[in-house]
*Asks:* 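Okay, here's the structure, questions in a sec.
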Amino acid sequence: MSPALAKSVEDYHKGVKYLHESGIQRVPKKYIFPISERPNSSYTINGKPKMSLPIIDFSQLHGPNRVQVLDSLSYACENYGFFQLVNHGIPEEVIRSMVDVGGKFFDLPLVEREKYMTTDMTTPVRYGTSFNQTNDGVFCWRDFLKLVCEPLHDVLPHWPSSPSDFREMAIAYSKETKILFIKLVEAILESLGINVTTKNKTQQQNDDVEEILKEFEDGSQLMAINFYPPCPNPNLTLGMPPHSDYGFLTLLLQDEVEGLQVKFNGDWVTIQPIPGSFVVNVGDHLEIFSNGKYKSVLHRVLVNSLKSRISVASLHSLPFNSIIKPSPKLISEKNPKLYRDTDFAAFLEYIKSCDSTNKSFLETRKLT
């Protein structure tokens with residue numbers, strides 16, 4: 001490898017913020033997607049179509065409109081795989097502080113950020129770039145910081161201590177999103193007919209639901225802080241390629257800059273941010289658990305030439321060592337089991353060796 005080529009490879013692995021700050025005027029070849037995979041000109045950030053996701057008002061779940069809200073939740077998970085969650089109860093200060101401290105982390109000098117750079121996917125903290133930089137043939141225009149959040153007392157000493165308030169803000173945010181996730185799981189179980197609130201529910205049914213919820217309370221939580229700096233040629237690259245999320249549910253907090261696109265009826269549509277809301281999406285594990293009723297949907301991220309964008313994704317599921325399988329309550333002679341049992345280790349092995357974009361991992365879990 002020539003010195004010039006070695007230097008360019010090294011630069012790529014330093015991340016896109018480094019490239020942006022170096023003053024590049026054109027996207028390097030490493031980031032240029034094949035024509036068929038680039039953002040279609042008719043679906044760019046400034047173009048059409050844009051879409052409003054179904055809106056779930058969380059505050060209405062515990063009132064007289066609960067049944068209607070559960071119906072809306074079920075409809076959104078079946079037909080969109082996504083919804084916007086408003087009035088969720090997480091204080092505005094917690095949300096704003098998480099976005100702010102995330103931005104401050106990416107403002108740190110590279111020498112500080114790269115302390116956490118590793119290709120080991122099992123570490124409690126991982127700073128990196130692209131989507132899966134060890135396997136990506138084409139790099140994405142994204143830098144990220146990933147934090148394992150459970151068990152907190154074990155992983156916290158590994159989290160960044162700079163900025164000085166980073167741990168405090170990230171702890172508050174991770175705890176709040178975990179509480180919200182558990183409440184959402186309760187609602188989703190009920191929308192699937194598993195956790196039905198009736199006077200006739202047996203003690204065994206109560207125990208079954210409690211056991212499921214306890215497993216989720218002890219479950220995995222990964223927080224990914226994503227940073228997308230301005231890109232000189234946003235029409236040639238992507239912030240993230242088409243992919244589905246591996247977990248049960250993802251709670252996405254995003255700033256006011258558009259970028260998220262969802263595959264809907266065969267088209268890529270841009271999701272308009274609602275300040276203070278969460279974009280919630282069905283993950284592969286929930287599609288498996290629901291035996292295919294709820295859909296884990298492809299989504300991707302576009303970038304732009306003018307503004308940086310920050311998002312914070314909280315990916316929640318069962319514990320890392322749990323087996324994910326269709327709920328026995330959703331399997332019958334009319335609805336046979338559609339997915340094989342799987343675990344987190346199988347997913348990790350897959351992404352180490354294969355292309356983890358699109359819904360390729362989930363496809364390997366389907367029973368023929």
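None of the values given here were measured: they were computed from a predicted structure.
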*Asks:* Is any side-chain heavy atom of Phe83 closer than 4.5 Å to one of Ser72?
*Replies:* no
*Asks:* Among Ile188, Leu249, Asn79, which one satisfies side chain to side chain contact (heavy atoms under 4.5 Å, CB included) with Tyr294?
*Replies:* Ile188
*Asks:* May I ask you to test the Met98-Val94 pair for a side-chain heavy-atom distance under 4.5 Å?
*Replies:* no
*Asks:* Using distance alone, with no hydrogens and no angle criterion, decide if Asn291 and Asn335 have a side-chain donor and acceptor under 3.5 Å apart.
*Replies:* no
*Asks:* Should Tyr173 and Val101 count as side-chain neighbours, where that means a heavy-atom distance under 4.5 Å?
*Replies:* no
*Asks:* State whether the number of non-hydrogen atoms from other residues, nucleotides or ligands found under 6.0 Å of Ile35 atom CD1 is greater than 12.
*Replies:* no
*Asks:* Taking the basic N atoms (NZ, or NE/NH1/NH2) and the acidic carboxylate oxygens, is any pair closer than 4.0 Å for Glu210 and Lys214?
*Replies:* no
*Asks:* Quick one: pull up CE in Met169 and CD in Glu93 and give me the separation to the nearest 0.5 Å.
*Replies:* 7.0 Å
*Asks:* Determine whether Leu108 and Pro163 make a side-chain contact, defined as any pair of heavy atoms from C-beta on separated by less than 4.5 Å.
*Replies:* yes
*Asks:* With a 3.5 Å cut-off and no angle check, do the side chains of Thr177 and Gln221 form a donor-acceptor pair?
*Replies:* yes
*Asks:* What is the distance from atom CD of Glu258 to atom CZ of Arg309, rounded to the nearest 0.5 Å?
*Replies:* 9.5 Å
*Asks:* Which pair of heavy atoms, one from Leu298 and one from Trp268, lies closest together, and at what distance?
*Replies:* O-CZ3, 3.9 Å
*Asks:* Using a 4.5 Å cut-off on heavy atoms from C-beta on, say whether the side chain of Phe82 contacts that of Val280.
*Replies:* no
*Asks:* Same cluster or not: are Ile55 and Leu180 linked, directly or through other Ile, Leu, Val, Met, Phe, Trp or Tyr residues, by side-chain heavy atoms under 4.5 angstrom apart?
*Replies:* no
*Asks:* Determine whether a donor-acceptor pair (N or O, by modelled atom type, separation under 3.5 Å) exists between the side chain of Lys178 and the backbone of Glu217.
*Replies:* yes
*Asks:* Mark yes when over 12 heavy atoms from residues, nucleotides or ligands other than Glu92 sit less than 6.0 Å from its CD; otherwise mark no.
*Replies:* no
*Asks:* Considering only heavy atoms from C-beta outward, does the side chain of His243 approach that of His299 to under 4.5 Å?
*Replies:* yes
*Asks:* Rounded to the nearest 0.5 Å, how far does SG of Cys149 lie from CG of Leu222?
*Replies:* 6.5 Å
*Asks:* CD1/Ile288 to CD1/Ile324 distance, rounded to the nearest 0.5 angstrom?
*Replies:* 7.0 Å
*Asks:* Test of understanding: clusters of I, L, V, M, F, W, Y form through side-chain heavy atoms closer than 4.5 Å, transitively. Do Ile331 and Tyr339 belong to the same one?
*Replies:* no
*Asks:* Is there a side-chain contact between Ser327 and Leu189 (heavy atoms, below 4.5 Å)?
*Replies:* no
*Asks:* Is any side-chain heavy atom of Phe289 less than 4.5 Å from a side-chain heavy atom of Ile194?
*Replies:* yes
*Asks:* I need the Arg113 CZ to Asp107 CG distance, nearest 0.5 Å.
*Replies:* 8.5 Å
*Asks:* What I want to check is whether the side chains of Thr129 and Tyr18 have a donor and an acceptor closer together than 3.5 Å.
*Replies:* no
*Asks:* Using a 3.5 Å distance criterion without hydrogens, assess whether the side chain of Arg38 forms a donor-acceptor pair with backbone atoms of Asn235.
*Replies:* no
*Asks:* Side chains of Ser277 and Gln84: donor-acceptor distance under 3.5 Å anywhere?
*Replies:* yes
*Asks:* May I ask you to say whether Asp165 pairs ionically with Lys104, meaning some side-chain N is under 4.0 Å from a carboxylate O?
*Replies:* yes
*Asks:* So, for Leu70 and Ser191, which heavy atoms are closest and what is the spacing to 0.1 Å?
*Replies:* O-CB, 4.0 Å
*Asks:* Write down the atom of Ser290, the atom of Leu192, and the distance for their closest heavy-atom approach.
*Replies:* CB-CD2, 4.0 Å
*Asks:* Establish, yes or no, whether a centroid distance under 6.0 Å links the rings of Phe361 and Tyr246.
*Replies:* no
*Asks:* About how many Å separate OG of Ser161 and CD of Glu112, when rounded to the nearest 0.5 Å?
*Replies:* 7.5 Å
*Asks:* Is there a salt bridge (Lys or Arg N to Asp or Glu O under 4.0 Å) between Arg66 and Glu190 once you walk through the steps?
*Replies:* CA-CA 11 Å; Arg66 182 176 179 82; Glu190 188 167 344; 2.7 Å; yes
*Asks:* Please check if atom NZ in Lys183 has more than 12 non-hydrogen atoms from other residues, nucleotides or ligands closer than 6.0 Å.
*Replies:* no
*Asks:* Which of these passes ring pair (Phe, Tyr, Trp, His ring centres under 6.0 Å) with Phe227: Phe106, Trp141, Phe144?
*Replies:* Phe106
